[in-house]
Number of protein chains: 2
Amino acid sequence: MLAIGTLSRRTGTKVQTIRYYEEIGLMNEAGRTAGGQRRYFEKDLDRLAFIRHSRQLGFSLDSIRELLDLSDNPSQSCAEADSIARRQLHQVEQRIKRLQALKKELKRMVAECDGDSVAECKVLEVLRDHAECLTEHDGIGA
Amino acid sequence: MLAIGTLSRRTGTKVQTIRYYEEIGLMNEAGRTAGGQRRYFEKDLDRLAFIRHSRQLGFSLDSIRELLDLSDNPSQSCAEADSIARRQLHQVEQRIKRLQALKKELKRMVAECDGDSVAECKVLEVLRDHAECLTEHDGIGA
DNA sequence: GATACAAGCTACAGCAGATAGAGGTTCAAG
DNA sequence: CTTGAACCTCTATCTGCTGTAGCTTGTATC
Ligand SMILES: [Zn+2]
Ligand SMILES: [Zn+2]
Ligand SMILES: [Zn+2]
Ligand SMILES: [Zn+2]
C-alpha cells in the first residue's frame with residue numbers, strides 16, 4: 001500500500017494535484033486508513049503515470065478521461081484512441097503554425113528597432129498598428 | 001463619443017472583455033452618460049487596439065501594461081520595450097521547440113498503430129510508458 | 001509508552017484571461 | 001411616445017492546477 005506522497009514522488013505529480021484528480025473523477029477514490037489517509041495500489045500508480053504522461057504530451061483532461069476509459073476495455077477497437085491522438089496532433093500542428101507566424105513578426109520588430117526613444121520605437125509602432133505586420137494572426141496568441 | 005459596442009466592433013473585442021480590461025486597470029475608467037453608459041474617445045480606441053494587437057502577438061496582460069506605460073512617455077529610451085519584445089520572442093521560440101518535440105512523438109505513435117484492438121494499440125502503449133518515447137518532454141505540454 | 005515531527009487531511013482562495021447569463025435600465029430611431 | 005437593441009451590474013464558469021491555514025495521523029526513536 002502506497003501513501004499519496006509516494007505516488008507524488010514516483011510520478012512527479014504534486015500531492016494536491018493527485019487529490020484534485022480524485023476530486024474531478026480522473027483518479028478513482030482511494031482507500032483510506034483508519035485515520036483517513038489515502039492508500040494506493042500499484043494500479044493507481046500506473047493510472048496516475050498514464051495521466052501525467054498524457055498531460056506532458058498536451059492532452060486535455062477530457063481527452064485523457066476518454067483514453068483511460070478506452071484503456072480499461074482492452075477488447076474494443078482502438079480507432080477511437082487513435083482519432084483522439086490524431087486530433088491532438090492536429091492541434092499541436094496548428095499551434096506551431098500560429099507561433100511561427102508570431103515569431104516572425106516579433107523577430108522583425110525587434111530587429112528593426114534601433115533602440116532610440118520610445119517615440120521612434122519600432123516595437124511600439126508595430127503594436128500600435130497591425131498594418132505594419134506582414135502576416136495575419138487572428139485569434140489570441142498562445 | 002463612442003459607445004462600448006463601437007469599440008467592440010472596431011477592435012474585435014467582446015464588450016465584456018473591454019469592461020474586464022477596465023476592471024483590471026488596463027483601460028482607463030471611461031466617462032459615463034447621465035444614464036451610466038460608458039463613452040469613449042478615439043484615444044481609448046487606440047489604446048484598446050494596442051492591447052488587442054499585443055494579445056494577438058502573445059504578450060501577457062502584465063507585459064502589455066508595461067508597454068502601455070512606456071508608450072505613454074515618448075521621451076524615454078525604448079530599451080525596456082525592446083527587451084520585453086525580445087523576452088516574448090524567446091518565449092515563443094521555447095514554446096515552438098516544446099511543441100515540435102510533442103508533434104514528433106504524436107506523429108510517431110499515430111503512425112505506428114495498426115488500428116487493431118485496444119490491447120495492442122500503440123497510442124495507448126506509449127501513453128502508458130514514457131520509455132517508449134524518443135524525446136524528453138518535461139513540464140506539462142501546452 | 002512517550003515524544004517529535006514529517007506527512008497527511010479538509011476547505012477555501014487564487015492564478016490567467018476571459019466568457020456567459022440573469023435580470024434590469026437606457027438610448028436613439030421612427 | 002413607443003419599441004427594441006444596446007447597455008448596465010453582478011455573479012458564476014472554464015482549464016488545470018497551486019498555495020495557504022489550521023488541524024490530525026503515522027512512524028521512528030528513545
Ligand atoms: Zn525600440
Ligand atoms: Zn499584426
Ligand atoms: Zn491504436
Ligand atoms: Zn514520453
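Note on naming: letters A, B, ... go to the chains in the order of the sequence lines (proteins, then strands), and numbering restarts at 1 for each one. When reading the values below, keep in mind they use all heavy atoms of this one structure, side chains included, and skip hydrogens, waters and symmetry mates.
Taking every side-chain heavy atom of B/Q16 into account, C/dA20 is the closest of C/dA18, C/dA20, D/dG16. With D/dC7, C/dC9, C/dA18 as the candidates, the nucleotide lying closest to the side chain of B/T17 is C/dA18. Here the side chain of A/D62 is nearest to one of C/dG17, D/dT15, C/dT26, namely D/dT15. Candidate nucleotides D/dC7, D/dC17, C/dT10 were compared by shortest atom distance to the side chain of A/R19, and C/dT10 ranks first. Distances from the side chain of A/K14 to the nucleotides D/dT25, D/dG19, C/dG17 place D/dG19 closest. In this structure, the nucleotide among D/dC7, D/dC17, C/dG8 sitting nearest to the side chain of B/V15 is D/dC7. With distances taken from any side-chain atom of B/L61 to the nucleotides C/dC27, D/dC8, C/dA18, the minimum falls on C/dA18. Distances were taken from every side-chain heavy atom of A/R38 (C-beta onward) to each of D/dC7, C/dG8, C/dT10; the shortest belongs to C/dT10. Here C/dA28 is the nucleotide among C/dA28, D/dT9, D/dC17 with the atom lying nearest to any side-chain atom of B/R39. Considering only the side chain of A/R32, C/dT10 comes nearest among C/dT19, C/dT10, C/dC27.
With respect to the salt-bridge test (charged N to carboxylate O, under 4.0 angstrom), the residues B/R98 and B/E93 do not qualify. Using a cut-off of 4.0 Å between Lys/Arg side-chain N and Asp/Glu carboxylate O, A/E29 and A/R38 are scored as not salt-bridged. One finds no salt bridge joining B/R19 and B/E23 here, because no Lys/Arg side-chain nitrogen approaches an Asp/Glu carboxylate oxygen to under 4.0 Å. Under 4.0 Å is where a charged nitrogen must lie from a carboxylate oxygen, and between B/R128 and B/E125 no such pair does.
Relative ring orientation between B/H53 and A/H130 is described as perpendicular, the plane-to-plane angle rising above 60° on a 0-90° scale split at 30° and 60°.
Taking atom CD1 on A/I64 and atom P on D/dT15, their separation rounds to 13 Å, with Å as the unit. The interatomic distance linking A/Y40 (OH) with C/dG8 (C1') rounds to 11 Å, in whole Å. Straight-line distance from the CD atom of B/E23 to the P atom of D/dC8: 13 Å, rounded to whole Å. Atom CD1 of A/I4 is separated from atom P of C/dA6 by 19 Å (rounded to the nearest Å). For the pair B/M1 CE and D/dA6 P, the computed distance is 20 Å after rounding to whole Å. Atom CZ in B/R9 sits about 11 Å away from atom C1' in D/dA5, given to the nearest Å. The nearest whole Å value for the distance from the CD atom in A/E29 to the C1' atom in C/dC9 is 15 Å.
At the phosphate of D/dG16, neither OP1 nor OP2 sits under 4.0 Å from any side-chain N or O atom of A/Y21.
If A/R52 and B/T6 are placed on DNA chain D by their nearest nucleotide, the residue sitting closer to the 5' end is B/T6.
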